[in-house]
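Before any comments, here is the structure.
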Amino acid sequence: MTLISPRKAGKAPARATAPAQAADGDSARQRLLDAGMNLFCRYGINATGVDAIVAEAGTAKTTLYKIFGSKEGLIEAVLETEGQRWRDWFIAGIEAGDGPARERLRRIFPVLKTWFGDGRFYGCPFINAVGEHDKADDRMRTIAIRHKKIVLGHIEKLAAEAGAGDAVALAHQIGLLIDGAIVAAMVTQDSSVADAAEIAAGALLDTFAPSAAQAARKKPRRLAPGPASLAAE
């Protein structure tokens with residue numbers, strides 16, 4: 001699933017004013033971003049050439065190079081744009097309906113399950129991009145880590161609100177479950193992997209931030225004084 005809604009470009013008038021020309025440029029940029037996202041995710045970055053991108057976007061090669069400088073420039077712009085859209089969607093999903101922080105944390109994997117079940121789900125664009133690039137090249141890794149830090153930061157905030165003793169550790173462990181579930185769902189095409197990850201995340205949450213009921217059950221019971229304790233006194 002991509003979270004991009006392709007936009008149809010309007011026909012430019014014969015004598016465009018400067019603002020109209022800018023709008024047309026924005027439209028071409030968006031079409032290239034949408035085409036890049038769809039093709040990179042479905043077929044892979046290395047397997048997708050510039051000719052395929054401009055054909056899908058309905059633009060000229062010169063337009064791609066003018067706007068992004070190169071295919072690599074387009075790749076980076078696609079990741080930045082899609083990352084922002086994905087984070088907006090994901091955070092809105094777990095925050096929907098408000099509720100206690102604990103409840104919002106428990107929404108993470110049901111929200112991801114809807115993504116996994118979409119016919120256009122091709123895995124995480126960031127994981128895919130890092131996997132396809134030279135491992136000595138840090139550009140894709142830097143963009144991916146920046147994206148993940150924002151996601152983990154929100155989870156960490158919720159973990160702290162939920163009373164986790166170590167919110168950073170809990171966020172990182174949930175983050176590992178998220179990445180693992182994304183890869184497993186991509187490989188198996190089975191959205192139910194999110195259910196298994198949800199169970200594991202629930203166990204982590206109970207360990208790091210036990211609910212009031214759980215904490216009460218763990219409290220040692222005070223026994224009424226008996227003969228032994230009276231004798232000790």
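Inter-residue side-chain proximity for Ile127 and Asp179 is flagged as met; some heavy-atom pair is nearer than 4.5 Å. The shortest distance between side-chain heavy atoms of Ile199 and Phe109 does not fall below 4.5 Å. Contact of the Trp89 side chain with the Thr114 side chain is registered, since non-hydrogen atoms from C-beta on lie closer than 4.5 Å. Residues Phe90 and Leu112 are in side-chain contact: their nearest non-hydrogen atoms beyond the backbone lie under 4.5 Å apart. Glu82 is not listed as a side-chain neighbour of Leu33, based on a closest heavy-atom distance of 4.5 Å or more. The shortest distance between side-chain heavy atoms of Asn38 and Tyr43 does not fall below 4.5 Å. Using a 4.5 Å cut-off on side-chain heavy atoms (C-beta onward), Leu39 and Ile45 make no contact. Counting heavy atoms from C-beta on, the side chains of Phe40 and Tyr122 never come closer than 4.5 Å.
Scanning all heavy atoms of the two residues, the minimum distance from His154 to Glu95 falls at NE2-OE2, 2.7 Å. When all heavy atoms of Arg106 and Glu198 are compared, the pair lying nearest together is O-OE2, 4.1 Å. Taking each heavy atom of Arg29 and Ala77 in turn, the nearest pair found is NH2-CB, 4.4 Å. Nearest heavy-atom pair across Cys124 and Lys148 is SG-NZ, 4.5 Å. Taking both residues in full, the closest heavy atoms of Gly175 and Leu152 are given as CA-CD2, 3.8 Å, listed atom of the first, atom of the second, then distance. Residues Gly83 and Phe126 share a closest heavy-atom pair of CA-CZ, 3.5 Å.
Exactly one residue among Ile94, Leu204, Leu158 makes a side-chain contact (heavy atoms from CB on, under 4.5 Å) with Leu105. That residue is Leu158.
Note that the CD atom of Gln173 and the OG1 atom of Thr207 stand 9.0 Å from one another [nearest 0.5 Å]. Between the CG atom in Leu32 and the CD atom in Gln30 there is a gap of 9.5 Å [rounded to 0.5 Å]. Once rounded to the nearest 0.5 Å, the distance linking CG of Leu64 with CZ of Arg31 reads 12.0 Å.
The closest side-chain donor-acceptor pair between Thr142 and Arg146, if any, does not fall under 3.5 angstrom. Under the 3.5 Å distance criterion, with hydrogens and angles disregarded, no donor-acceptor pair is assigned to the side chains of Glu132 and Asn128.
Heavy atoms of other residues, nucleotides or ligands lying less than 6.0 angstrom from NZ of Lys149 number 12 at most. For Glu80, the CD atom counts as densely surrounded, since its 6.0 Å shell holds more than 12 non-hydrogen atoms of other residues, nucleotides or ligands.
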Mind running side-chain contact (heavy atoms from CB on, under 4.5 Å) on Asp134 and Met140 for me, showing each step along the way? CA-CA 9 Å; Asp134 181 352; Met140 296 300 111; over 6 Å; no
Report the C-alpha distance between Asp138 and Arg141 in whole Å, list the side-chain angles of each, state the deciding distance to 0.1 Å, and finish with yes or no for salt bridge (charged side-chain N to carboxylate O under 4.0 Å, His left out). CA-CA 5 Å; Asp138 285 335; Arg141 186 175 293 108; 2.6 Å; yes
Trace of the salt bridge (charged side-chain N to carboxylate O under 4.0 Å, His left out) decision for Glu161 with Arg102: CA-CA 8 Å; Glu161 288 178 20; Arg102 187 182 188 84; over 6 Å; no
Under the side-chain contact (heavy atoms from CB on, under 4.5 Å) criterion, do Ile155 and His172 qualify, and how do the steps go? CA-CA 9 Å; Ile155 295 173; His172 275 278; over 6 Å; no
side-chain contact (heavy atoms from CB on, under 4.5 Å) evaluation trace for Asp190 with Phe116: CA-CA 7 Å; Asp190 181 359; Phe116 299 165; over 6 Å; no
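The salt bridge (Lys or Arg N to Asp or Glu O under 4.0 Å) test applied to Arg139 returns Glu72, Glu76, Asp137, not counting sequence neighbours.
Ile174 and Ile150 are not part of a single hydrophobic cluster, where members link through side-chain heavy atoms under 4.5 Å apart. The hydrophobic cluster containing Met37 also contains Val50, counting ILVMFWY residues as joined when their side-chain heavy atoms lie under 4.5 angstrom apart, directly or transitively.
Not one N or O on the side chain of Ser192 forms a donor-acceptor pair closer than 3.5 Å with the backbone of Asp195.
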